[in-house]
Number of protein chains: 2
Amino acid sequence: MAGKGRSRASGRPTLEQVAVEANVSRGTASRVVNGSLEVSPYALKAVRDAIRKLGYVPNQAARSLVTQRSDTVLLVVSESEDRVFGEPFFASIVRGLSQELSSTPLQLNLMMASTARQHDRVEQLVRNGHVDGVMLISLHGDDPLPQNLLAAGAPVALIGRPVADGGAVPYVDADNESGARAATEYLYQQGRRRIATITGPRDMAAGLDRLSGYRAALRGKRGVTRLVARGDFGQASGESAMRELLAKDPKLDAVFAASDPMAAGALRALWAAGRRVPDDVAVIGFDDSELARNTNPLLTSVSQPTQRMGRKLAELLITQLRDPDAKLAPVILPTELVRRESA
Amino acid sequence: MAGKGRSRASGRPTLEQVAVEANVSRGTASRVVNGSLEVSPYALKAVRDAIRKLGYVPNQAARSLVTQRSDTVLLVVSESEDRVFGEPFFASIVRGLSQELSSTPLQLNLMMASTARQHDRVEQLVRNGHVDGVMLISLHGDDPLPQNLLAAGAPVALIGRPVADGGAVPYVDADNESGARAATEYLYQQGRRRIATITGPRDMAAGLDRLSGYRAALRGKRGVTRLVARGDFGQASGESAMRELLAKDPKLDAVFAASDPMAAGALRALWAAGRRVPDDVAVIGFDDSELARNTNPLLTSVSQPTQRMGRKLAELLITQLRDPDAKLAPVILPTELVRRESA
DNA sequence: TTGAAAGCGCTAACAT
DNA sequence: ATGTTAGCGCTTTCAA
């Protein structure tokens with residue numbers, strides 16, 4: 001025989017108690033809770049009243065046990081905590097994500113996972129049925145995690161184009177190439193003719209795409225000196241790259257850095273070398289991060305629609321949750337050049 | 001009759017299957033999984049082998065259903081996403097937290113919750129049995145959430161001294177007062193005699209404590225000019241506070257800002273006013289954040305042992321999880337002055 | 001030390 | 001439209 005209304009330690013009211021209170025069966029009560037339409041207005045009201053009166057809240061564990069779903073999605077930040085939290089980029093993504101999710105019953109879980117061990121943990125979470133789907137952000141391009149997750153049968157969506165793109169995993173990304181092109185073109189339009197760039201690492205699509213944009217902007221232009229130095233998106237690399245660039249061409253008059261920290265590093269090197277910004281050398285960064293509002297001079301930078309990216313990311317996942325066989329195309333969102341003092 | 005080994009859609013092996021494979025009862029299998037000692041070595045091995053062979057993973061929903069626990073703890077960041085991710089402070093906390101948690105079966109959930117609605121959601125999570133305990137970080141001092149959570153019967157631990165401390169909620173904090181005092185004393189020892197401070201907001205203990213530290217350092221010192229301007233921890237407020245300070249005392253030769261962004265703002269204002277740092281004016285910030293490594297000149301700042309704070313935070317919660325009646329004293333960790341270029 | 005069995009609270013299939 | 005019921009996979013008495 002079933003539960004006899006015995007009060008439990010936890011004291012939380014159960015659906016059974018709601019049913020009793022409302023004078024209906026547990027089945028009907030369940031239907032009301034889950035928004036089924038096949039319920040008489042009368043029963044509907046009775047159950048709703050009972051729920052309110054008792055302060056009933058569904059037990060998610062019990063529900064998951066039978067539905068085999070968790071109603072939870074996971075955002076994995078495949079990056080060291082430092083970088084994550086150092087960049088408001090992520091903040092904004094999360095906000096968009098939350099917005100989109102708030103209209104669903106889906107819970108959002110956040111997890112940092114840069115090491116292989118932590119990646120295993122993510123896969124476990126999926127296999128455990130702890131999460132119904134996974135969103136990944138900022139992983140280096142050759143990360144096997146998305147593929148593994150896919151293989152485990154979990155819906156997956158990414159922020160950032162995977163560099164070794166099998167085309168299997170849907171993603172959203174900013175239009176890095178256009179952004180870089182716009183920045184470089186702007187530099188050219190300002191009359192700059194010795195335009196350098198500081199690139200990101202080779203294993204990240206964002207770095208690659210921004211370099212392509214720089215090249216595309218200058219393609220076919222005559223009388224322009226091009227200079228490329230490699231960085232790793234970090235500030236120190238920007239500083240040393242700038243020194244290197246200055247050594248190669250002391251007369252360079254502009255530099256497009258593929259990230260704001262690198263641009264900030266460049267600013268330092270320029271300052272140390274006695275160059276005035278933007279008078280002698282114009283500088284543009286990428287990301288329009290908090291940093292861009294803290295440098296001296298303030299940094300002109302390419303901004304990404306991060307919040308929208310977050311929304312789209314959620315959308316991509318939700319679509320798959322609804323239809324596991326959905327074929328989804330990448331979502332590429334436009335960037336915008338934000339003018340400040342450095343260029 | 002119970003489950004007949006019927007293969008389910010999800011395909012995950014169940015404890016039942018493990019038991020069959022190992023030729024023991026489900027009860028015994030369960031005991032092995034949960035590390036009970038009352039199991040014969042023989043059965044132990046058989047079950048372990050079966051688990052490995054089948055790739056068995058416990059179903060958390062089923063487990064939670066019976067244990068009434070979720071084995072999940074929640075970290076609530078009671079702050080806007082921007083600030084969270086803008087500060088590596090949080091990153092480091094999370095890392096310490098994860099470390100401490102990794103030796104337990106506890107899952108970590110992250111959640112941003114600055115609005116009242118989101119706070120409600122946190123309480124729901126607790127009532128739903130979704131999480132067994134909650135850690136809160138960076139809430140403004142008068143936040144009612146911790147008390148409400150406590151009332152709901154959930155173990156709670158905080159980062160940051162609650163300003164209206166009922167003494168009921170255990171917390172860990174950096175020794176803000178000592179840190180501020182050390183910074184101010186350092187300024188004094190360098191021969192500075194017109195020492196200003198830019199404070200944080202009134203409703204946050206960190207701001208209050210840092211101001212006390214500044215005052216304590218100068219207490220009883222003769223021939224020292226003291227100046228106080230109010231900020232809100234943000235960079236813009238630091239910049240305008242600095243201007244204000246400069247107007248009040250054009251000859252001031254040092255400033256201690258209660259946050260790095262405010263110090264960065266001060267740097268800008270100083271630069272705009274034609275002051276050299278540190279030659280004319282020495283500047284010290286607080287937090288030793290990423291920003292401190294990106295300003296020009298690099299920022300001398302008070303660093304907090306954030307990672308340790310994270311570990312302690314987890315410890316505080318775990319202790320309560322084990323013993324709900326545990327009475328825990330606040331944990332205050334020491335700070336350290338990191339010298340760079342600005343002072 | 002082990003097995004048997006009673007539920008944990010819920011959804012969904014089936015019957016009415 | 002509603003009630004009944006069979007489990008979801010697990011832990012934990014209770015007996016043996």
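Convention: sequence-line order gives letters A, B, ...; per-chain numbering from 1.
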Residues in contact with DNA chain C, drawn from residues 40-52 of chain B - heavy-atom cutoff 4.0 Å: S40(B), A43(B)
Residues forming a side-chain contact (heavy atoms from CB on, under 4.5 Å) with A62(A), sequence neighbours excluded: N59(A), L65(B)
Protein proximity profile, nucleotides 11-16 of chain C - base contact B, sugar-phosphate-only contact S, no contact -, cut-off 4.0 Å on heavy atoms: BBB---
Can you measure [X] atom [atom1] to [N] atom [atom2] for me and round it to whole angstrom units?
| X | N | atom1 | atom2 | answer |
| --- | --- | --- | --- | --- |
| D71(B) | dC8(C) | CG | P | 20 Å |
| R12(B) | dG9(D) | CZ | P | 8 Å |
| Q68(A) | dG7(D) | CD | P | 14 Å |
| E16(B) | dG3(C) | CD | P | 12 Å |

Phosphate-side-chain proximity, S25(A) and dG3(D), N/O vs OP1/OP2 below 4.0 Å: yes
Donor-acceptor side-chain pairing of N109(B) and T72(B) below 3.5 angstrom: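 There is no such pair between these side chains.
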4.5 Å side-chain heavy-atom contact, R63(A) and V33(A):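 They are in side-chain contact.
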Nearest heavy-atom neighbours spanning G133(A) and L317(A):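 Scanning both residues, the minimum pair turns out to be C-CD2, 4.0 Å.
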Bend angle of the helix from dT1(C)-dA16(D) to dT16(C)-dA1(D), end axes from five pairs each (to 10°):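 Its terminal axes enclose an angle near 30°.
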Any donor-acceptor pair under 3.5 Å from S64(B) side chain to R69(B) backbone: yes
Main-chain N/O of A113(A) paired to H119(A) side chain as donor or acceptor, under 3.5 Å: yes
Qualifying residues under salt bridge (charged side-chain N to carboxylate O under 4.0 Å, His left out), relative to D323(A), sequence neighbours excluded: none
Sole residue of L316(A), T104(A), V73(A), D71(A) in side chain to side chain contact (heavy atoms under 4.5 Å, CB included) with L321(A):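 Answer after filtering L316(A), T104(A), V73(A), D71(A): V73(A).
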Pairs flagged by salt bridge (charged side-chain N to carboxylate O under 4.0 Å, His left out) wherever residues 50-61 of chain A is involved - sequence neighbours left out: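 Listed once each, the pairs are E21(A)-K53(A), D49(A)-R52(A).
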